[in-house]
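Chain letters run A, B, ... following the sequence lines, proteins first and then strands; every chain starts at 1.
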Protein chains: 2
Amino acid sequence: MDQVALFKALANKTRLQILTWLKSPEEHFPDYEPACGSADVGVCVGYIQRKSGLTQSTISEYLSTLHRVGLVSATRVGQWTYYKRNEETIATLGNLIDTL
Amino acid sequence: MDQVALFKALANKTRLQILTWLKSPEEHFPDYEPACGSADVGVCVGYIQRKSGLTQSTISEYLSTLHRVGLVSATRVGQWTYYKRNEETIATLGNLIDTL
DNA sequence: AAGATATATCGACTTTTTCCGATATTCCAA
DNA sequence: TTGGAATATCGGAAAAAGTCGATATATCTT
């Protein structure tokens, strides 16, 4: 777990927003609904992109940044990639701060 | 408290190191001793600079970055500026992560 | 197989960050 | 009050990050 990379990933307004949006998708994405029956696989790129106001390529890049450092997980289902928070890493990050 | 600025300040190897060095100065700075009698005002710039291996100007700048976001406090005593951790902000940061 | 849709990647450009050397400022001591 | 030591600030070169449009890839539908 690369601390600097983690903090870098968090050092951006939009990426921080994405993380909080993903905390309660029902609230932040109007037409959101858990895909694949009841399994909550996350939110697809398009929803996030439209809410952010940035371009598709930028958001795709940002999500891959968050994924690279483990802050979100990615699940490909058909033509969609669903991203959701990785609570484990986020919790670890909390501990990391304590040991700072 | 600007979250992005905080994470930016932490998104650098040297600045992170400084923060951990300041956690136990006795351990990290050979000739360290609390100044002003018993009051522990922190570590002066020169010590940190020499330990870091970077230039004086860079470290001065880094310390001011950490100070600007409240991660350290600065105390000028004569020609020295002593920096020490601001545990309050660091604790707040921990909570911030929880609400991420 | 072809077109449409969702996402990823590439190349380019701009802005920010990193880190330096040089210079300025502040304070102490002789 | 002048010189030296500690720190701060300024200006700049190089590297990294932000952001875009264009294009590639993967998948679904027909």
Side-chain angles (χ1 to χ4, degrees), chain A residues 2-19 21-22 25 29 31-33 35-36 41-69 71-84, chain B residues 2-19 21-22 25 29 31-33 35-36 41-69 71-84:
Chain A
D2 179 349
Q3 299 189 25
V4 173
L6 255 176
F7 286 127
K8 267 197 176 118
L10 294 171
N12 175 279
K13 183 155 163 288
T14 304
R15 286 193 299 263
L16 268 183
Q17 283 179 326
I18 291 174
L19 234 31
W21 290 340
L22 291 182
F29 302 96
D31 39 5
Y32 168 80
E33 47 183 319
C36 297
V41 296
V43 180
C44 67
V45 180
Y47 282 16
I48 299 172
Q49 185 262 309
R50 280 187 289 281
K51 187 172 178 69
S52 75
L54 298 182
T55 64
Q56 191 273 322
S57 63
T58 297
I59 293 307
S60 177
E61 170 104 12
Y62 280 6
L63 287 169
S64 115
T65 297
L66 291 172
H67 185 236
R68 188 171 342 109
V69 300
L71 285 168
V72 301
S73 65
T75 310
R76 183 101 200 205
V77 177
Q79 46 201 150
W80 292 273
T81 305
Y82 295 95
Y83 286 94
K84 68 186 279 203
Chain B
D2 179 348
Q3 298 190 25
V4 173
L6 256 176
F7 287 128
K8 268 197 175 119
L10 294 171
N12 174 280
K13 183 155 163 288
T14 304
R15 287 192 298 263
L16 268 184
Q17 282 179 326
I18 292 174
L19 234 31
W21 291 340
L22 290 183
F29 303 95
D31 40 5
Y32 167 81
E33 46 182 320
C36 297
V41 296
V43 180
C44 67
V45 179
Y47 283 17
I48 299 171
Q49 186 262 309
R50 281 187 289 281
K51 186 171 179 70
S52 75
L54 298 182
T55 63
Q56 190 273 320
S57 64
T58 297
I59 294 306
S60 176
E61 170 103 13
Y62 280 7
L63 287 168
S64 115
T65 295
L66 291 172
H67 185 235
R68 188 171 342 108
V69 300
L71 284 168
V72 301
S73 66
T75 310
R76 184 102 200 205
V77 177
Q79 45 201 151
W80 292 274
T81 305
Y82 295 95
Y83 285 95
K84 68 185 279 202

Hey, what do you get for [atom1] ([X]) to [atom2] ([Y]), rounding to the nearest 0.5 Å?
X      : Y      : atom1 : atom2 : value
E61(A) : L54(A) : CD    : CG    : 12.0 Å
L10(A) : T65(A) : CG    : OG1   : 11.0 Å
K51(B) : I18(B) : NZ    : CD1   : 11.5 Å
N12(A) : K8(B)  : CG    : NZ    : 7.5 Å

How close do [X] and [Y] get, heavy atom to heavy atom, and via which atoms?
X      : Y      : result
Y82(A) : C44(A) : CD2-N, 3.6 Å
L66(B) : A9(B)  : CD2-O, 4.3 Å
V43(A) : P25(A) : CG2-CB, 3.7 Å

Distance, rounded to the nearest Å, where L54(B) contributes CG and dA8(D) contributes P: 16 Å

Separation of atom CD in Q49(B) from atom P in dT9(D), rounded to whole Å: 17 Å

Under 3.5 Å donor-acceptor, R50(A) side chain and S52(A) backbone: no

Backbone N/O of Q17(B) and side chain of R15(B): donor-acceptor pair under 3.5 Å: no

Test side-chain hydrogen bond (donor to acceptor under 3.5 Å, both in side chains) applied to T55(A) - qualifying residues, sequence neighbours left out: S57(A), T58(A)

Pairs under 3.5 angstrom, nitrogen or oxygen only, protein versus nucleotides 21-23 of chain D, please.
{"unit_1": "dG21(D)", "atom_1": "O6", "unit_2": "S57(A)", "atom_2": "OG", "d": "3.0"}

Check: [Y] and [X] side chains under 4.5 Å, non-hydrogen atoms:
X      : Y      : value
I48(A) : F29(A) : yes
L6(B)  : L71(B) : yes
L22(A) : K84(A) : no

Within residues 8-17 of chain A, residues whose heavy atoms come under 4.0 Å of DNA chain C: none

Neighbours of DNA chain C within residues 60-67 of chain A, by heavy-atom distance under 4.0 Å: S60(A)

Verdict with supporting geometry, Y62(A) and T14(A), side-chain contact (heavy atoms from CB on, under 4.5 Å): CA-CA 8 Å; Y62(A) 280 6; T14(A) 304; 3.8 Å; yes

H67(A) and Y83(A) aromatic ring geometry - parallel, tilted or perpendicular at 30°/60° bounds: perpendicular

Distances for protein N or O near nucleotides 2-6 of chain D N or O, under 3.5 Å:
{"unit_1": "dA5(D)", "atom_1": "N3", "unit_2": "Q79(B)", "atom_2": "NE2", "d": "3.2"}

Touch class at under 4.0 angstrom, heavy-atom based, for Y47(B) against every strand present: nothing

DNA chain C: 5'-most and 3'-most nucleotides touching chain A, 4.0 angstrom heavy-atom criterion: dT5(C) to dT9(C)

